[in-house]
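One structure below.
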Amino acid sequence: MNQLQLNTKLQDGKYVIKKVLGQGGFGITYLAEQTMLGKQFAIKEFFIRDLCARDDSATVYSVTQSDMVDRYRLKFIKEAQIIARFNHPGIVKVFDIFEENGTVYYVMEYVKGESLAEIVKREGHLSEQTALQYIYKVSDALDYIHQSNVNHLDIKPNNIMIRKADNEPILIDFGVSKQYDEKKDQTTTTPPGVSYGYSPLEQYKPGGVSIFSPQADIYALGATLFKLLTGTTPPIASDLLNDGLPPIPNVSPNLRKAIEKAMQPRISERPEKISEFVEILKNTSKNEEQEESIDDETGILGAKTDSERETDSERETDSEGETDGEGEYDSDDKRDYKPLIFILLFVFVILFTIFLIHVNNNDDTTTTEESTHPNESVSDSTGIGFYDQEYSTDSEEEVFDSSHIFSEVEQQPSFPGGQGALLSWLSYNIHYPPVAEENGIQGKVVVSFVVEPDGSISNVAVVRGVDPTLDQETVRVVKSMPKWNPGKQNGQAVRVKYNLPITFELK
């Protein structure tokens, strides 16, 4: 049993649990009624899924990694304290915090409505006007918390509630937010977490958001606007770096440029403050209105008037003769470029034919170069770094049997959901061994394994070790991975060797 039973009483009957509103990786949110006031509140309970359990008396306890649970418990309390300090109409309000059942709860306002994610799922993409209306108000709330040196670090449609009573957006879920001191340094070292499609590239790296940077939230806000306008989740940051932003149908070019500006992979190329991003959006809207106004005035958007036709006719007549003053020309001076065009086309055809002959002559002598795969360091701020796969460059055999293990194949094996899903799974399941942490042991462990034709993992071995505790943790987490998408050679699933480096780094 993970969740509290309905009608469970908290604080000696002060609150009664009515239903479960949602559950994430670090907490369960309930709808509760304050019995004396007869008023509804939302209550969030600290409960780490997979690390916590509950006994028959509703008491929460740590199943494993108690040190980590305690560390996150302190962060949960700090989260409540941070929100309680805020006084902004666009930020959820926290009214109380208390300990009970071996865990911690905090009481906040119950926002009756639905999230932007639910609205987009139901209605599809929103109009520019509606989307910008919400973004402007969320921007104001973000600007407010940034003035207190707080980064939200989880801006996305799921965390923006639209209150049914007045259609106002309310920013919720500060579970991965970070408080920074006057020097802009973080006050906690717990990982910020990652929301794929909305988190910037630096949020994947150890210490990537250790210094206060509004640009992280600006990236997520631009990604949220992308979602509202398209109805689709933006690509993850690493894909965006390689492929750029995908098309945004039925959106003005200026607005697309504003989103691209916010979602730049490099921090330095994004707006430095929320207010700067808002100004870009507002200037975009003004420019579009001015362009439309100009088009209306010149008749471009509608049929030409009689006077406009007469003016055009006069211009055509004038162009047949000479004009006075500068720019004087005569129609007899026009040059015929057709012969030159035909000559250029003829030359192009000859050169292209020579090229094809050269390619055909070299088909038998073509050599295949070994492909290289960049190893880009990506990790979370727990101090455990995860890297892209390293491929061996051993030559592959064209003839193979079921027992052969390939080092390089036409289609490499992949974790279900892709590289981003692999990083997420590792960040959630791997833990820094307490003994290694206490003794300051760190380094990169390289582990190899074989992805079998059915996707299962076998032959797990440490290629380069650092310390027995770190080596054992690496092997443990690799062996517990779910089945992969197998590698293929000539369209057939085969056994493929895969190397994965994991860096343990203390902060």
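Below, each value reflects all heavy atoms present in this structure, side chains not excepted, and no hydrogens, waters or symmetry copies. On a predicted model such as this, the values are computed, not experimentally measured, just so you know.
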Determine the minimum heavy-atom distance between Val94 and Ala80, stating which atoms define it. CG1-O, 4.0 Å
When you look at Lys178 and Leu153, which way does the side chain to side chain contact (heavy atoms under 4.5 Å, CB included) test go after all the steps? CA-CA 8 Å; Lys178 277 187 176 292; Leu153 298 177; 3.9 Å; yes
Which side-chain N or O atoms in residues 17-29 pair as donor and acceptor under 3.5 Å with protein atoms at least two apart or in another chain?
residue, atom, partner, partner atom, Å
Gln23, OE1, Gln3, NE2, 3.2

Would you say that Lys282 contacts Tyr136 through its side chain, given a criterion of any heavy-atom pair below 4.5 Å between the two side chains? yes
Compute the ring centroids of Tyr15 and Tyr30, then answer whether they are less than 6.0 Å apart. no
Which pairs with one or both residues in residues 91-103 pass side chain to side chain donor-acceptor pair (under 3.5 Å), sequence neighbours excluded? Gln11-Glu100, Arg73-Glu99, Asn101-Tyr105
Heavy-atom closest pair (Ser252 atom, Glu128 atom, distance to 0.1 Å) is N-OE2, 3.0 Å
Taking side chain to side chain contact (heavy atoms under 4.5 Å, CB included) as the definition, give me every residue that meets it alongside Lys488, ordered by chain and number, with sequence neighbours left out. Gln411
Judged by modelled atom types alone, do Tyr498 and Gln412 share a side-chain donor-acceptor pair under 3.5 Å? no
Other residues, nucleotides, ligands: >12 heavy atoms within 6.0 Å of Lys137 NZ: yes
Side chain proximity check, Leu74 to Phe46, heavy atoms < 4.5 angstrom: no
Please check: side-chain N/O of Thr230 versus main-chain N/O of Thr232, any donor-acceptor pairing under 3.5 Å? yes
Given the rule in the side chain to side chain contact (heavy atoms under 4.5 Å, CB included) test, do Leu51 and Val63 qualify, once you have shown the distances and angles that lead to the verdict? CA-CA 5 Å; Leu51 297 185; Val63 177; 5.9 Å; no
From CA spacing to verdict: salt bridge (charged side-chain N to carboxylate O under 4.0 Å, His left out), Glu114, Arg122: CA-CA 11 Å; Glu114 56 185 342; Arg122 185 184 70 250; 2.7 Å; yes
Atom CG in Leu132, atom OG in Ser127: separation rounded to 0.5 Å? 8.5 Å
Keeping the roles fixed (side chain from Glu473, backbone from Leu470), state whether a donor-acceptor pair exists under 3.5 Å. no
Would you say Asn167's side chain and Arg163's backbone share a donor-acceptor pair under 3.5 angstrom? no
Donor-acceptor side-chain pairing of His88 and Asp140 below 3.5 angstrom: yes
Any side-chain heavy atom of Val447 within less than 4.5 Å of one from Asn499? no
Asn429: partners by side chain to side chain contact (heavy atoms under 4.5 Å, CB included), with sequence neighbours left out: Trp425, Val477
Using modelled atom types only, decide if a donor and an acceptor are shared between the side chain of Thr35 and the backbone of Gly13 within a distance under 3.5 Å. yes
Counting N and O atoms only, with roles assigned by atom type, does the side chain of Arg54 sit under 3.5 Å from a partner on the main chain of Ala58, one being a donor and the other an acceptor? yes
Please list, chain by chain and in numerical order, all residues satisfying salt bridge (charged side-chain N to carboxylate O under 4.0 Å, His left out) with Arg256, sequence neighbours excluded. Glu260
For Gln215, all residues meeting side-chain hydrogen bond (donor to acceptor under 3.5 Å, both in side chains), sequence neighbours excluded: Ser213
In terms of side-chain heavy atoms, does Gln179 have a donor or acceptor partner in Arg85 at a distance below 3.5 Å? yes
Expected output: side-chain Arg270 to main-chain Pro265 donor-acceptor under 3.5 Å: yes
Residues Asp154 and Ser195: side-chain donor-acceptor under 3.5 angstrom: yes
Expected output: side-chain Asn151 to main-chain Phe212 donor-acceptor under 3.5 Å: no
Evaluation steps, ring pair (Phe, Tyr, Trp, His ring centres under 6.0 Å), between Tyr106 and Phe95: CA-CA 8 Å; Tyr106 66 77; Phe95 302 106; over 10 Å; no
Calculate, to the nearest 0.5 Å, the distance between atoms OG and NZ belonging to Ser458 and Lys497 respectively. 12.0 Å
Can you list everything that forms a ring-ring contact (aromatic ring centres under 6.0 Å, His included) with Tyr134? Sequence neighbours excluded, please. none
Looking at CZ of Arg71 and CD of Gln65, how far apart are the two atoms once the value is rounded to the nearest 0.5 Å? 9.0 Å
What I'd like to find out is whether the side chain of Leu171 reaches to under 4.5 Å of the side chain of Val92, using heavy atoms alone. no
Hits for side chain to side chain contact (heavy atoms under 4.5 Å, CB included) against Lys483, two or more places apart or cross-chain, chain-then-number order -> Asp454, Ser456
Salt bridge (charged side-chain N to carboxylate O under 4.0 Å, His left out) partners for Glu33, two or more places apart: none
Is there a side chain to side chain contact (heavy atoms under 4.5 Å, CB included) between Met263 and Leu240? Walk through the geometry before answering. CA-CA 9 Å; Met263 296 183 67; Leu240 190 64; 3.9 Å; yes
Please identify each residue that fulfils salt bridge (charged side-chain N to carboxylate O under 4.0 Å, His left out) with Asp173, with sequence neighbours left out. Lys44
Report yes if some heavy atom in the side chain of Leu426 is under 4.5 Å from a heavy atom in the side chain of Leu422; otherwise report no. yes
Taking every non-hydrogen atom, the tightest pair across Ala262 and Gly222: CB-CA, 4.0 Å
Would you find a donor on one side and an acceptor on the other, under 3.5 Å apart, between the side chain of Asp143 and the backbone of His146? no
Any heavy-atom pair between the side chains of Met68 and Tyr72 that's under 4.5 Å? yes
Please enumerate all residues that pass side chain to side chain contact (heavy atoms under 4.5 Å, CB included) together with Ala220, with sequence neighbours excluded. Ile155
CG on Leu228 to OG1 on Thr130, rounded to 0.5 Å: 10.0 Å
Roughly how far apart are Leu201 CG and Asp239 CG, rounded to 0.5 Å? 10.5 Å
Taking only residues two or more places apart in sequence or in another chain, which ones pass ring-ring contact (aromatic ring centres under 6.0 Å, His included) with Tyr196? Tyr204
Donor-acceptor check, side chain of Thr8 to backbone of Leu4, threshold 3.5 angstrom: yes or no? no
Test salt bridge (charged side-chain N to carboxylate O under 4.0 Å, His left out) on Lys261 and Glu276 and set out the steps. CA-CA 11 Å; Lys261 186 70 175 175; Glu276 291 183 16; over 6 Å; no
Do Leu116 and Asn159 make a side-chain contact, defined as non-hydrogen atoms from C-beta onward lying under 4.5 Å apart? no
Testing His152, Met161, Glu109 for side chain to side chain contact (heavy atoms under 4.5 Å, CB included) with Ile172, which one passes? Met161
Leu10 vs Phe98 side-chain heavy atoms within contact, under 4.5 Å: yes
